[in-house]
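First comes the structure, then the notes that go with it.
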2 protein chains.
Amino acid sequence: MLKLTRKLEYALIALRHMQDKGDTFISAKEIADMYLIPQELLAKTLQQMVKLNYIKAAQGPHGGYRVRKGLTEISMTQFMEDLEGPIGIVDCNINAECIQLENCNIRLPIKKINSNIRAIFNEIRVGDITS
Amino acid sequence: MLKLTRKLEYALIALRHMQDKGDTFISAKEIADMYLIPQELLAKTLQQMVKLNYIKAAQGPHGGYRVRKGLTEISMTQFMEDLEGPIGIVDCNINAECIQLENCNIRLPIKKINSNIRAIFNEIRVGDITS
DNA sequence: TTAAATACGACTATTTAAGTCGGGTATAAC
DNA sequence: GTTATACCCGACTTAAATAGTCGTATTTAA
Ligand code: SF4
Ligand code: SF4
């Protein structure tokens with residue numbers, strides 16, 4: 001209940017590590033080894049972040065990834081939703097396909113809570129975690 | 001990611017319904033039928049709440065459940081943790097061994113976020129949802 | 001005695017998250 | 001130009017968590 005995904009954690013750990021190293025390219029292997037993260041899984045995540053323009057990749061020997069400027073200003077809400085899809089503590093906050101929906105007597109108060117949680121992540125920037 | 005369990009939703013729906021009906025005993029079947037909730041699953045949840053002293057049960061025909069006084073003052077944190085166990089957006093916030101723990105570079109900022117989320121649920125009482 | 005209801009535990013199914021594999025492309029170093 | 005390193009990409013498999021079902025026993029009002 002209410003868990004972040006492992007992928008998000010790995011992404012943040014990697015970002016922080018890369019940020020510490022400045023402009024040099026860091027390989028997925030280096031990070032995977034250092035933090036005991038499954039390499040293939042981390043690689044996939046980093047590749048996703050390349051597509052999102054969060055980081056820049058360099059191929060070939062001595063290649064790897066480095067963080068793009070400006071990433072730290074992105075809100076955690078955007079970061080999380082880019083990587084994992086919309087945040088919603090219940091189904092009707094995402095796609096509305098719930099058989100209880102029509103008679104549901106808790107929908108509105110729950111929606112309020114969802115807003116509160118989103119608000120928390122809106123006020124946190126990626127840089128607050130990775131710097 | 002960050003989902004409430006269905007069980008919690010069913011519990012809240014049931015509590016709200018029972019509260020609307022005052023002191024009369026409401027059967028699991030009535031609630032299950034009304035909100036299209038799987039009856040056996042709802043029943044199990046209600047039984048759990050009986051053990052927690054959240055509601056009172058009456059057996060036999062015209063039996064059922066009714067809400068105990070004072071339930072509405074309980075915080076959502078306690079309610080959720082009673083039903084589903086400790087809240088923690090990552091493993092190390094609960095206890096669980098995490099192989100990254102020793103070198104983890106995001107543990108502290110994540111812990112802060114977890115506190116923020118817990119704070120939200122601490123300030124919400126069950127009655128805020130079921131009344 | 002019967003029927004409606006709770007009580008419990010074991011079981012199965014479904015969904016989601018986590019992790020793995022195989023084959024490809026780019027590029028620096030020799 | 002061969003080799004080794006590293007990114008790229010999609011399909012696949014496994015594991016874990018959630019959701020739902022079933023069988024049987026017990027209580028009790030009518
Ligand atoms: S409609 Fe009610 S039961 Fe369905 S997802 Fe929303 S809150 Fe939950
Ligand atoms: S130690 Fe780091 S990786 Fe492990 S659960 Fe905590 S935050 Fe996540």
Side-chain angles (χ1 to χ4, degrees), chain A residues 1-11 13-14 18 24-33 35-52 54-66 80 83-86 88-91 94-95 97-100, chain B residues 1-11 13-14 18 24-33 35-52 54-66 80 83-91 94 96 98-100:
Chain A
M1 176 187 49
L2 287 174
K3 275 254 166 69
L4 253 45
T5 61
R6 223 55 202 174
K7 186 167 88 176
L8 278 176
E9 292 192 68
Y10 295 159
I13 288 172
M18 289 188 276
T24 53
F25 286 93
I26 312 291
S27 73
K29 185 174 190 318
E30 174 179 328
I31 299 171
D33 286 349
Y35 300 98
L36 305 176
I37 299 170
Q39 182 175 340
E40 295 301 323
L41 182 51
L42 176 62
K44 238 179 19 175
T45 307
L46 292 165
Q47 284 157 28
Q48 189 180 356
M49 287 198 283
V50 169
K51 278 192 188 163
L52 290 167
Y54 282 180
I55 58 180
K56 172 149 176 41
Q59 288 193 325
H62 310 307
Y65 304 89
R66 78 174 167 212
M80 290 164 65
L83 262 68
E84 296 286 11
I89 61 172
V90 292
D91 288 348
I94 297 176
N95 64 24
E97 277 184 36
C98 169
I99 55 170
Q100 280 84 29
Chain B
M1 177 187 50
L2 288 173
K3 276 253 166 69
L4 253 46
T5 62
R6 221 59 200 173
K7 186 168 89 177
L8 278 176
E9 292 192 67
Y10 295 159
I13 288 172
M18 288 187 277
T24 52
F25 285 93
I26 312 291
S27 73
K29 186 174 189 320
E30 173 179 328
I31 298 172
D33 286 349
Y35 300 97
L36 304 176
I37 297 169
Q39 182 176 339
E40 294 302 323
L41 182 52
L42 176 62
K44 238 180 18 175
T45 306
L46 291 166
Q47 283 157 29
Q48 189 179 356
M49 287 198 285
V50 169
K51 279 193 186 162
L52 289 167
Y54 282 179
I55 58 180
K56 173 149 176 42
Q59 288 192 324
H62 310 305
Y65 304 90
R66 79 174 167 213
M80 290 164 65
L83 261 68
E84 295 286 11
I87 295 171
I89 61 172
V90 292
D91 288 348
I94 295 175
C98 167
I99 55 170
Q100 281 83 30

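In what follows, every chain begins at residue 1, and chains take the letters A, B, ... in the order their sequences are listed.
With a cut-off of 3.5 Å on both Watson-Crick or G-U wobble distances, the partner of D:dA30 is given as C:dT1.
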Between the protein and nucleotides 20-23 of chain C, which nitrogen or oxygen pairs are less than 3.5 angstrom apart?
{"residue": "C:dT20", "atom": "O4", "partner": "A:K44", "partner atom": "NZ", "Å": "3.3"}

Scan nucleotides 13-15 of chain D against the protein and return all N/O pairs shorter than 3.5 Å with their distances rounded to 0.1 Å.
none

What's touching nucleotides 25-30 of chain D from the protein side, N or O pairs under 3.5 Å?
{"residue": "D:dT27", "atom": "O4'", "partner": "B:Q59", "partner atom": "OE1", "Å": "2.7"}
{"residue": "D:dT27", "atom": "O3'", "partner": "B:Q59", "partner atom": "OE1", "Å": "3.4"}

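Among the heavy atoms of the strands, none lies under 4.0 Å from B:K56. If you check every strand for non-hydrogen atoms under 4.0 Å, A:Y10 touches sugar and phosphate atoms only. No engagement by A:A43 is indicated, since no non-hydrogen atom pair under 4.0 Å with the nucleic acid exists.
Remark on DNA chain D: of its neighbouring residues A:Q47 and A:M1, the 5'-side contact belongs to A:Q47, judged by nearest-heavy-atom nucleotide.
In this structure A:I94 satisfies the side chain to side chain contact (heavy atoms under 4.5 Å, CB included) test together with A:P86, B:K3, sequence neighbours excluded. Contacts of A:F25 classified as ring pair (Phe, Tyr, Trp, His ring centres under 6.0 Å), with partners at least two apart in sequence or in another chain: none. Applying the salt bridge (charged side-chain N to carboxylate O under 4.0 Å, His left out) test to B:K56 and every residue at least two apart in sequence or in another chain returns nothing. Partners of B:Y10 under the ring pair (Phe, Tyr, Trp, His ring centres under 6.0 Å) rule, at least two apart in sequence or in another chain, do not exist in this structure. In this structure, the side chain to side chain donor-acceptor pair (under 3.5 Å) partners of B:Y35, at least two apart in sequence or on a different chain, are A:N105, B:H17. Residues satisfying the side chain to side chain donor-acceptor pair (under 3.5 Å) test with B:S27, not counting sequence neighbours, are none.
Atom CD1 of B:I13 sits about 11.0 Å away from atom CG of B:L8, to the nearest 0.5 Å.
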Only pairs under 3.5 Å count here: list side-chain donor-acceptor contacts from residues 39-52 of chain B, not counting sequence neighbours, and write none if there are none.
{"residue": "B:T45", "atom": "OG1", "partner": "B:L41", "partner atom": "O", "Å": "2.9"}
{"residue": "B:Q48", "atom": "OE1", "partner": "B:K7", "partner atom": "NZ", "Å": "3.1"}
{"residue": "B:Q48", "atom": "NE2", "partner": "B:L83", "partner atom": "O", "Å": "3.3"}

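Per the geometry, CG belonging to B:L8 stands 16 Å off C1' belonging to D:dG20, to the nearest Å.
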